[in-house]
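In what follows, every chain begins at residue 1, and chains take the letters A, B, ... in the order their sequences are listed. Please read all numbers here as calculations on a predicted model, not as lab measurements. Hydrogens, waters and symmetry mates play no part in the numbers below; they use all other heavy atoms, side chains included.
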Number of protein chains: 2
Amino acid sequence: MNLKTLALELGLSPTTVSRALNGYPEVSEATRRRVREAAEAANYHPNTQAKRLATGRAMAIGHIIPISDRHEIVNPVFADFIAGAGEVYARAGYDMVMTIVPDDSEARAYAELRSKGNVDGVLIHAPKVEDHRIAMLDTLGMPYVLHGRVSGSDSAFSWVDVNNKRAFERATNFLLDLGHRRIALINGIGEMDFARRRRRGYEAALKARDMAIDPALIVEGEMTEAQGHDAAREMLQWPDPPTAFLTASLLSAMGARRGIEEAGLVMGRDVSIVTHDDELGYLKNGTAEEPIFTATRSSVREAGRRCAALLIEQIESGDCRPRHELMEAVLVVGQSTGPVPTQ
Amino acid sequence: MNLKTLALELGLSPTTVSRALNGYPEVSEATRRRVREAAEAANYHPNTQAKRLATGRAMAIGHIIPISDRHEIVNPVFADFIAGAGEVYARAGYDMVMTIVPDDSEARAYAELRSKGNVDGVLIHAPKVEDHRIAMLDTLGMPYVLHGRVSGSDSAFSWVDVNNKRAFERATNFLLDLGHRRIALINGIGEMDFARRRRRGYEAALKARDMAIDPALIVEGEMTEAQGHDAAREMLQWPDPPTAFLTASLLSAMGARRGIEEAGLVMGRDVSIVTHDDELGYLKNGTAEEPIFTATRSSVREAGRRCAALLIEQIESGDCRPRHELMEAVLVVGQSTGPVPTQ
DNA sequence: GGAGCTGTCCAAAGCGCTTTGGGCGGGCGA
DNA sequence: TCGCCCGCCCAAAGCGCTTTGGACAGCTCC
């Protein structure tokens, strides 16, 4: 079923049918209703490709996912972010097109997407402290929104981010207030912008109390269960072990807990943990009211929604002035923290 | 830059340029090379929408993801599967388009995708024992491949699946051979086809040794860390607790381990765990050679690749005879299993 | 030397939609 | 009554590509 045959059946011209369906005013309400009903009955949906070609709008948003050996972008956080963004796309009538590329051809993938014209904009994941994608996208002239920020670029772009620095500063202060002095930071990969900001927050809190920063207490890497476990296990064997861990993800926190328990210690009594919690659908920190881990909590799915909304707004308005949205994490207290144990 | 201007610059007709680039024989090698070079230099890529409209091929594969309150499809397994499929799509020149829909309008989403013509086929996730999507897709006449199977349908369709029954039968036998008699099954959601098959495998192994099946030892639900923890914690308080757990995912296994340790027991000595391991990029079972958990291992990312390959083959050949691929899981021995402790 | 290939190229007709630029008749103001 | 506007509708021209149906030269072969 296409426009032409539908128009024929209705005894109207394709023009009128198209206009009726797309809400143009040059068609009487009576015909519009008649057309709408016929379209409904015939389960008619305009052919996407034709529509796209005619309007020049792809009605699709691109996500480029580099696959590398070093770094797994396809992680649980990513999945939830996608889910959030996808909800918004669907409501707005956009497709989400994902391209998996070997990370050495990421730049080419953007350029291709642009020149093939199959997306109206792209969403950028996991920005690094200095991210070459920014400059490239600016030269390509394709609308984009970052999930996160970059520190190393002066270019003005749109982003949605959590206030990572503030969240980790607050978390650190929370632990300091409980009397902890040896606080380990089990962070994400160092070159990631979010990890850098979290570290800055941690360091800022320590500095504000005139405390030295011990580099040995800082671990950076992929935020896995193994990371948390290995770090905790090792540090707890030191002569002056940390009394608290600040971890960057629930998985790392779970690993740290395991390390603590393996050392014959009790989490929340002997050793405290504060973690960041992205509120993943599949990895919950207990219940909302009774969390297991004390955590800085911020929904990454909501971040996905906001990124998508921002990008669509930018595309549809044609107004490319950069927009920002800074989300604040809430600090929820769970069972994983307590006052520093007295010797 | 489009075909017409490129042709003009070259002093050729659009026809010839198109044919040169698409490898048709009616053009001399000399011109073909000239055209290729000019296209390269101008960074010319044919407009996707126009190409699609002209050929009638969408060059895209659809994934429909229902979002519900009851059940989270956006899980780590899903993410890895997508990554695998996406690799193959990219190599074959296909886009991956994902549509997030509220689960009550899933059927409509497929019909729309079909009539809007923006995909050439779809990949079906997480089939249930009886899955209404099969009948619907058959009436729509759109190529599809299932990741998994359905038991309740006689319709002939293509699928890629792990031999879940055999895997869990082997795992159960492995535990039985170690002397375990009270083996708990911490399974996925019961209406899921894979969970049903895993349960059948577990039951078959018990029956083969004339052992009764204790329904109390079977738990079905979302495969989260909490699920494993809660189940283990409760069962270990019974007067006749299980001596082994068979879990359906690494997260559940991690939860079960926590439950075991909370009970003051040692995994691998007092209580054994065998789990299924999907080899997720972000959730590793130790290293390949030295796994933490004894596990039935099968890469879900590889399953994604094979699903994608099957679907593309089906689409491009136009031969819609169903194809199947049954992957076997390997049973790897880790540190989580040992002989049943003597009282 | 002319018929018949063959290799190389092109003009033009779509693909299914949107959009521009009218056409036509009825109601209104002068 | 005439002219004009306005509401409603349509024909036709694209969007950028593929593909059909030749055209034309150079060649072989009898």
Side-chain angles (χ1 to χ4, degrees), chain A residues 1-36 38-39 42-60 93 95 112-120 316, chain B residues 1-36 38-39 42-60 93-95 112-120 316 318:
Chain A
M1 173 58 69
N2 57 14
L3 226 213
K4 206 160 126 188
T5 63
L6 182 66
L8 217 63
E9 281 184 9
L10 282 162
L12 288 168
S13 77
T15 310
T16 306
V17 176
S18 169
R19 284 185 160 152
L21 292 174
N22 290 321
Y24 282 81
E26 301 97 327
V27 50
S28 75
E29 271 316 310
T31 4
R32 189 190 304 282
R33 205 174 317 114
R34 201 160 68 88
V35 171
R36 284 244 169 89
N43 190 31
Y44 168 76
H45 293 272
N47 179 288
T48 312
Q49 327 303 345
K51 190 165 189 160
R52 287 171 173 176
L53 181 57
T55 57
R57 306 268 323 275
M59 292 306 286
D95 280 346
E112 256 191 56
L113 221 50
R114 174 63 173 164
S115 76
K116 294 200 298 185
N118 45 2
V119 301
D120 296 318
E316 301 201 331
Chain B
M1 173 57 71
N2 58 13
L3 226 214
K4 206 160 126 191
T5 63
L6 183 65
L8 216 64
E9 281 183 11
L10 282 162
L12 289 168
S13 77
T15 310
T16 305
V17 175
S18 169
R19 283 184 160 153
L21 293 173
N22 291 320
Y24 283 81
E26 303 96 328
V27 51
S28 75
E29 270 317 309
T31 10
R32 190 191 304 282
R33 204 173 319 115
R34 203 161 64 89
V35 171
R36 284 243 169 89
N43 189 30
Y44 167 75
H45 294 272
N47 179 286
T48 311
Q49 328 303 345
K51 191 165 189 160
R52 287 172 172 174
L53 180 57
T55 58
R57 308 264 324 273
M59 291 306 285
Y94 283 74
D95 280 347
E112 256 191 57
L113 221 49
R114 173 65 173 163
S115 75
K116 294 201 297 184
N118 45 1
V119 301
D120 296 318
E316 301 202 330

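- Along DNA chain C, the nucleotide closest to B:Pro14 and the one closest to A:Lys4 are compared, and the more 5′ of them pairs with B:Pro14.
- Nucleic acid contact class of A:Gly11 (heavy atoms, under 4.0 Å, all strands): sugar-phosphate only.
- A salt bridge is absent between B:Lys116 and A:Asp95; no separation between the charged side-chain nitrogens and carboxylate oxygens falls under 4.0 Å.
- When rounded to the nearest whole Å, the span between CG of A:Asn22 and P of C:dT18 equals 5 Å.
- Closest contact between the side chain of A:Ala50 and the listed nucleotides C:dC9, C:dG16, D:dC10 involves C:dG16.
- If you check C:dC10, C:dT18, D:dC9 against the side chain of B:Ser13, the one that comes closest is C:dC10.
- Put simply, the side chain of B:Asp120 never gets that close to the backbone of B:Arg57: no donor and acceptor are under 3.5 Å apart.
- Atom CD in A:Glu26 sits about 10 Å away from atom P in C:dT20, given to the nearest Å.
- Here CG of B:Asn43 is found 11.5 Å from CZ of A:Arg114. Values are rounded to the nearest 0.5 Å.
- Between C:dC17, C:dG16, D:dT19, one nucleotide has an atom nearer to the side chain of B:Arg19 than all others, and that is D:dT19.
- Between A:Met59 atom CE and C:dC17 atom P there is a gap of 16 Å when expressed in whole angstrom units.
- Per the geometry, CG belonging to A:Leu8 stands 14 Å off P belonging to C:dG16, to the nearest Å.
- When the nucleotides C:dC17, D:dC17, D:dT18 are ranked by their closest atom to the side chain of B:Tyr44, D:dC17 comes out on top.
- Nucleotide C:dA11 holds its C1' atom 14 Å from the CG atom of B:Leu3, rounded to whole Å.
- A side-chain contact (heavy atoms from CB on, under 4.5 Å) with A:Ser18 is found for one member of A:Asn22, A:Leu21, A:Thr15 and no other, namely A:Asn22.
- The 5' end of DNA chain C is approached more closely, in terms of each residue's nearest nucleotide, by B:Thr16 than by the other of B:Thr16 and B:Ala54.
- Contacts of B:Arg52 with the nucleic acid, taken as non-hydrogen atoms under 4.0 Å apart, are absent.
- Contact between the side-chain N/O atoms of B:Ser28 and the OP1/OP2 oxygens of C:dC9 is found at a separation under 4.0 Å.
- Side-chain to base pairing of B:Thr15 with D:dT19: one donor and one acceptor N or O lie within less than 3.5 Å of each other.
- Side-chain proximity of B:Asn47 to C:dT18, D:dC17, D:dA11: nearest is D:dC17.
- Whole-Å rounding puts the B:Glu29 CD to C:dC9 C1' distance at 15 Å.
- One cannot find a donor-acceptor pair under 3.5 Å joining the base of C:dT19 and the side-chain atoms of A:Ser18.
- Once rounded to the nearest 0.5 Å, the distance linking CE of B:Met1 with CG of B:Leu6 reads 5.5 Å.
- The distance from atom CZ of A:Arg34 to atom CG of A:Leu12, rounded to the nearest 0.5 Å, is 5.0 Å.
- To the nearest angstrom, P of D:dC17 lies 12 Å from NE2 of B:His45.
- As a whole-Å value, the separation of B:Lys51 NZ from D:dC17 P is 9 Å.
- Comparing atom distances between the B:Tyr24 side chain and each of D:dT19, D:dC9, C:dG16 picks out D:dT19 as nearest.
- Here A:Thr55 does not reach the OP1 or OP2 of C:dT19: none of its side-chain N or O atoms lies under 4.0 Å away.
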